[in-house]
Amino acid sequence: AGILAGCSTAKSESKGNPVGKTIKIGVNMELSGAAAGYGNSQKQGIQLAVDQINKAGGINVDGKKKKITLIIKDNKTSTSTSASVAAQLVNKDKVNAIVGPATTNAGTAQIPNITKAAVPSVSPSATDPNFTLQKSGKVQPYVFRACYQNNFQGSTAAKFAYTDLKTKRVAVLADNSSDYGTGLAKAFKKTYKGKVAASQYFQEGDKDFNAILTSFKNKKIDAIYAPGYYSELGLIVKQARQAGINVPIIGSDGMADPKLAQIAGDKNASNVYYTTPFSTRVASQNGTAKKFMNAFKERYNEEAPTFSALAYDSVNMIKDAIETEKSADSAKIAAGLAKVKNFDGVTGKITIDSKHNANKPIVVETLTNGKVSAATEIK
Amino acid sequence: MILEVKDLVVDYGVINAIKGVSFKINEGEIVSLIGANGAGKTTILKSISGLLKPSSGSIIYMGKNIEHHKTPNIVAAGISHVPEGRHIFPGLSVKENLQMGAFLQKDRQKIMESLSEVYERFPILKKRENQDAATLSGGEQQMLAIGRALMSKPKLLLLDEPSMGLAPIFINKIFEIIETIKKQGTTILLIEQNANKALTISDRGYVLATGEVKMSGTGQELLADPAVQKTYLGG
Amino acid sequence: MTTILKVEHLEKVFGGLTAVADVSMQLKNDELVALIGPNGAGKTTLFNLLTGVIPPTAGMIYFREKEKLVSINNKKTYQIADLGFARTFQNIRLFKNMTVLDNVLVAMTNQYKEGFIKSVLRFPSFYRTEDEILKKARDLLAIFDLDKDMYKLASNLPYGVQRRLEIVRGLAMKPKILFLDEPAAGMNPEETADLTRLIRQIQQQFHITVLLIEHDMSLVMNLAQRIYVLDQGKLLAKGTPSEIQHDKSVIKAYLGEEG
Amino acid sequence: MQTFFQQLINGLSLGSIYALLALGYTMVYGIIKLINFAHGDIYMLGAFWGYYVINVWHFNFLLALLSAMVICGICGVVIEYLAYRPLRHSPRITALITAIGVSFFLENGMAYLFGSNARDFPQVVKQVNYDIGGVRISNIQLEILITSCILMLILQLIIKRTKMGRAMRAVSVDNDAAELVGVNLNRTISFTFALGSAMAGAAGVMIGLYYNSIDPLMGLTPGIKAFVAAVVGGIGSVPGASLGGFLIGLLETLVQSVGLSAYKDAVVYVVLIVILLIRPMGIFGKNVKEKV
Amino acid sequence: MIVLKANFKYNVCWLIIMIAGFYIMNTLIMIGVIDSFIENMFVTIWINIILATGLNLIIGFAGQFSLGHAGFMAIGAYVTAIVTQKAASLGGFYASFVIGVIVAVIAALLVGIPTLRLRGDYLAIATMGAAEIIRIIINNMKITNGPAGMFNIPQFATWPIVYIMMCVTTIIIVNFINSRGGRVIKSVREDEIAAEAMGINTTKWKLAAFVLGAATAAIAGSLHASYLQTIAPNDFGIMESISILIIVVLGGVGSVTGTFLAAVVLGVLDTVLQDFGTLRMVIYAVALILIMVFKPSGLLGTWELSIRRLFNRIKRRSV
Ligand SMILES: Nc1ncnc2c1ncn2[C@@H]1O[C@H](COP(=O)(O)OP(=O)(O)OP(=O)(O)O)[C@@H](O)[C@H]1O
Ligand SMILES: Nc1ncnc2c1ncn2[C@@H]1O[C@H](COP(=O)(O)OP(=O)(O)OP(=O)(O)O)[C@@H](O)[C@H]1O
Ligand SMILES: CC(C)C[C@H](N)C(=O)O
Ligand SMILES: [Mg+2]
Ligand SMILES: [Mg+2]
């Protein structure tokens, strides 16, 4: 075996994909499988951004306008397919940058392939703190994200719950099927100064939370922290209210979607809080966001979900990087992305830090009767 | 003439099991098909009752071609088949098995009548009425299979090796029963390894070998034939 | 002649039904004994008890190992088989989707060693063992004129041939005692006569004890040295063929008037 | 004590949902021994049908329910005709794979046509909560509970008392013999699929209404749970399926109420395995011993 | 000794085919025909082959319907991930193979001893449950990093290692099938009662096949983890077991050649379909149904490629 293994090919290191007639952006996305809902929202945001850019003539690359060609591929929410998609994008299609994937798992699976090819990626929603880091703790040179990482969002929620809502005892109910819920829950518990009276989990796709909620009832809690996505959170809010649990329910940006109130029922969606970068309320004050919201509504006939906004920003961060570097070669885009600063995104003013995380203001929105009634910026 | 089979050819995939067989059955007769293992006897019976679709040839029952009819329709027309290996319904009681036999009969009164007729003929079945059919002994299962076939009051009864695996005393009884069924007006097509007994009660018989009719005649003629004696009667 | 198998007060109850009731019997070395009785008498059940397929409700079964009769009541089927029991089944149980040869080789499993490592790495000794048992299997098949069908699937054999193969498979186990359950069922008289000759031949050639169930009296009366008659689970009679043929109770319960 | 009763209600109403789905599973399995993997997806189709007719054609609840049953029944028959019937004489594992294929097709086809996001089910029946000594139960929960019990009884009656039921039982044990007594095999199997699928359709509308959230993948998890329920109860047995459903619902509730929610499914599977080891054919399953 | 010599010839042929495959692959990579994308596709196919051959051994040859293959794969994957993160060396990698196989064998024994008494679909559902239990435990453990899974796993499994392991596991399984053990498990599949009556301890042999299958699944898992460098509990759910089952049935239950063919066909199909977005799985599903309806016994049924037969045919022709 050793002999055969020994004579395998030594790969010559290439230095990224140079730009051609157009700028090629690959999309490695969860379009089918468990995370298809998120992936398809993101695809909408990406397409909107690209169409807007192309309509405006393209991206200014050192004085020359170049249009974007999108190459969209489905990774069916599978790590091995994601790796294969990434390999195809960087080698066959010679893309200059990648947007996606949506999930941390699929996202990390593409890292070896894009790193070898020196093509940067921006994930709109991979939230694991270690996503952008190598094992040694050094930053992954080609990996960026447009969203918060869990620790930041979780600890913000903990502070908000303790300081602003003045809660002393909370129950934590986290989505246990991806890093998102558990990561946020972990960060929350670490920062929260009060007592965590109960800690339970649910799975993606669960529909019945009555048993857990009933068990919370006699725990004398002041609030529930429930990090997860709106499909389950909508049901949690609904069932909690129907069970007579009227304490605040605090969540994360996975809840920031108009569908939450639709599923929960407007009446039930009161006394609900969540951390988010992207707020329809903030948006009304933010020109960029407002334009995005309108364009989105016009094109897709629905309110823009957070995931579309994040994906929209991901594309525009790449545009920003190209413009700073005056080049759309993939290695250059990576360098440009690392320098993104005060970028005016629809999810706020984004600065990429040394760990390739997106720093941006965080807001806590309050739902009352299904409508956002207040938005507090947490510093 | 109640049944006529003309130039019947049946294939199992590439295997040509029946190679052009013709025979007739007159109303009220007992006709035997005899032949070695694998001669194609069962295949012919299955083709008549529609469980197998012939490749070519025709099967004419009471003047109508039935070779392309579906089994339930053939059963409805008055043909009843007691299959090789009995195929009773395990998990159903003896009584339910018999009731299944009258599946196409709508008149409850008639079903009750047939049921008591069958019980009269096979008193053991009455005794085992509520027992799971799967736990019956071989002989009892054989009676049940015949009883079930009689429940539909068939004009033509197809019997596939009814004496297989039965005790000698029982074999005699089965043949007696077949004769009485005939006397009550049912036509019978009988397959038997026990050629001696079968030909004795048969009006006519056909000898089958490798998918073809090799010989035919009245029961007595065949019994007396030296070739038949040698191969099928162990003489 | 020494006793090889001894059964004492054997009983088997299924739910409310006593299928075998207080049966005692003995088989001697090299004997050919028949077991007859009406349908449902419990013959097959008795076979199943003796070969460990089902456990008895009461009673003892002893088998001669070396010089002693030992109880095999609590042994599993495969352990009993290893002691030298072979059988055929009333409804043929061949390994249908395997070749005739493989059917026989499986029966020889416990007669040769072929470790996992050895067979996976294919040491030369692997081929030597395979060669050896292949030859043995082929010789055995030749006796029954089955060697020409060696590579056919068992399911493609005609019924009568399948029954013969089941007997070969049993013999391949090198048994001390062979149980045959209705070996002639579904055979015509000529085939039955062939089978009768064959059974006699193997019994003499291999020196084994044979116990057979059969409804075909031509075979039973030709072959058996002794006959046990079972009725409703109980022993109704035992004796030589001629004794049994004239036994009133046997005629009444089983043979019928013509015999 | 109050908590206990509340959890009991929670468990029963969750169980009634599993039971409702398990009934359809068990029927189809009972008759052609096919694990109809697509059963959960028919349930999803029912929910989506309800969603559209209520939103677009403004059907009332009952009409939506009945029409969903009809439509799903037809779907079941069509699926059987196209995907399973050609495989009637093939190994069972082949049919299982086509069933999986049908399931993929329905899930992804619906995702393609309608998007994979969850959407809210129109609330045509106003939810009313009854409070009995501090224990809450809603009218919809009651409705589901009662419906699944009634359907179970109806099914049991159909199978035990009607001619079609007898035909179904005959087909389930021996195809050839059933045909030989005049049973129309295809019609009987079609009927079974229609019945089982209609029940899944009913479940889709009711559960859609109850949880107020539907999506193309909604059939996956409950489908597998319902199958487990059917197995626990003894697959093929109608009362068994109901019992299995309730058992799993209660078990999940129990596990969650003691705080082990992370291991909810694991506990269900442990219990499944233990039950199978004690009763290899499930609780009500017939132990068909092979006669040697 | 004639048999020995003839077999030596066939074995050498197989060896030459395997080495030739390796060098063709190697050359194509060198001259740039195969880029990392195609390499990726091949490696995925090979890993699937390892998984599906093992499952075919259990389902096709031993006749035990197991739906829990992904669970054993998960064990191998996690052991390798954990071990190589602690000991990031080739030695650590190979050690993780061994440990993974050992853990998987223990798990297979724990699962198999009680459940293999069950039959058919009941066994399927029990093994599926067992695999889910394994997955849920992994999902809730600290050392496995919970649902987030593990990433930054050092890559030791390059394509040559995967290729060699595929050859090795295939040789093991095929040689097992074509020996005493293989005959015995097939007899158990055909008729347990008759096999018992031949002196065969059916429980032991069923378990042997199950454990061997589980061990190869663990190897596949190790390779998967090390090659992809990322694993998560969700990769090893019921759907993964089902997709392995699909390969087995599509190729033909009881045909190793068929498993190879089906893994390649599905692997290529899967790659081609990446461009179809949401429609991807719709097309896949339709393809699956059509293949099964028109080829119910799988692409190859139980047919096996046999060099011996090839030789004989050539010989006959030349005579
Ligand atoms: N399902 C099948 N597939 C392939 N060949 C078959 C099938 N059934 C029967 N045959 C073949 O068709 C031929 C006729 O079989 P058939 O069962 O009709 O014979 P038979 O005369 O009834 O024999 P027996 O006395 O053994 O019952 C035989 O060669 C048999 O091998
Ligand atoms: N597993 C079982 N469960 C219940 N009853 C059984 C079982 N096995 C056999 N029986 C019953 O035990 C009795 C004896 O059956 P057995 O098969 O031993 O009869 P037999 O003498 O072999 O008859 P035949 O000559 O018809 O084969 C029958 O009444 C049968 O129904
Ligand atoms: C879209 C979400 C399911 C992705 C999630 N935040 C993750 O990092 O895995
Ligand atoms: Mg026949
Ligand atoms: Mg018997």
Side-chain angles (χ1 to χ4, degrees), chain C residues 47-48 51-53 76-89 92-99 101-122 124-131 133-135 153-155 166 169-170 172-173 175 179, chain E residues 1-12 14-15 60-61 63 168-205 208-209 211-212 215-216 253-255 297 301-302 308-309 312:
Chain C
F47 265 28
N48 288 342
T51 53
V53 173
K76 302 234 168 64
T77 306
Y78 68 89
Q79 293 166 327
I80 291 175
D82 264 354
L83 291 178
F85 283 58
R87 72 173 287 184
T88 66
F89 296 88
I92 306 181
R93 282 178 171 266
L94 286 170
F95 306 125
K96 291 207 157 133
N97 293 311
M98 295 171 72
T99 60
L101 176 65
D102 278 353
N103 267 277
V104 173
L105 290 181
V106 167
M108 296 165 73
T109 299
N110 292 344
Q111 289 163 40
Y112 64 103
K113 275 266 165 294
E114 198 178 279
F116 178 72
I117 305 283
K118 189 165 131 188
S119 50
V120 163
L121 295 183
R122 297 278 145 121
S125 67
F126 167 83
Y127 293 105
R128 245 174 279 135
T129 338
E130 288 276 304
D131 258 1
I133 59 146
L134 197 75
K135 192 175 166 312
L153 288 189
S155 60
E166 226 193 359
R169 191 180 64 174
M173 294 168 65
F179 298 88
Chain E
M1 279 304 97
I2 297 168
V3 180
L4 174 60
K5 231 189 231 159
N7 277 298
F8 184 70
K9 192 166 72 181
Y10 306 136
N11 291 348
V12 167
W14 279 117
L15 202 63
F61 294 93
V168 169
T169 53
T170 307
I171 290 171
I172 291 177
I173 288 177
V174 169
N175 281 353
F176 177 74
I177 289 168
N178 293 318
S179 69
R180 172 172 171 260
R183 287 190 288 266
V184 171
I185 60 166
K186 278 191 266 180
S187 77
V188 173
R189 166 193 74 190
E190 293 294 312
D191 193 324
E192 271 188 44
I193 289 169
E196 287 261 338
M198 308 282 103
I200 288 160
N201 183 345
T202 51
T203 320
K204 187 184 100 184
W205 283 101
V211 166
L212 182 54
T216 54
V253 175
S255 162
S297 55
T302 52
R308 181 199 317 246
R309 237 181 298 131
N312 289 348

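Throughout, a chain's letter reflects where its sequence line sits, starting with A, and its residues are numbered from 1. What's counted below: heavy atoms across the whole structure, side chains too, no hydrogens, waters or symmetry copies.
- Between C:I92 atom CD1 and E:D191 atom CG the span is 12.0 Å, to the nearest 0.5 Å.
- Taking CG of C:N97 as the start and CZ of E:R189 as the end, the distance is 6.0 Å to the nearest 0.5 Å.
- Within a 6.0 Å radius of NZ in C:K118, other residues, nucleotides and ligands contribute more than 12 heavy atoms.
- Rounded to the nearest 0.5 Å, atoms CG (C:N110) and CZ (E:R180) are 6.5 Å apart.
- The contact between E:L212 and chain C is made entirely by side chain atoms (from C-beta outward), counting heavy-atom distances below 4.5 Å.
- Contact annotation for E:A208: neither backbone nor side-chain heavy atoms come within less than 4.5 Å of a heavy atom of chain C.
- Between C:Y78 and E:I200, the shortest heavy-atom distance links the atoms CB-O, 3.3 Å.
- Considering every non-hydrogen atom in both E:G199 and C:A81, the closest pair reads N-CB, 3.3 Å.
- Closest approach of C:V106 to E:R183, counting heavy atoms only: CG2-O, 3.5 Å.
- Both the backbone and the side chain of C:T109 come within less than 4.5 Å of a heavy atom of chain E.
- Interface remark: C:I133 contributes side-chain atoms only to the contact with chain E (heavy atom separation under 4.5 Å).
- Looking at every heavy atom in both residues, E:M198 comes nearest to C:F95 through CG-CZ, 4.1 Å.
- Highest contact tally toward chain E, considering only C:T129, C:V120, C:T88, is held by C:V120 [criterion: heavy-atom pairs under 4.5 Å].
- Contacts with chain E were tallied for C:Q79, C:R87, C:E114; C:E114 has the most, counting heavy-atom pairs under 4.5 Å.
- Formation of a donor-acceptor pair under 3.5 Å by the C:R122 side chain with backbone atoms of E:N175 is found in this model.
- Proximity to chain E (any heavy atom under 4.5 Å) is restricted, for C:F126, to the side chain, taken from C-beta onward.
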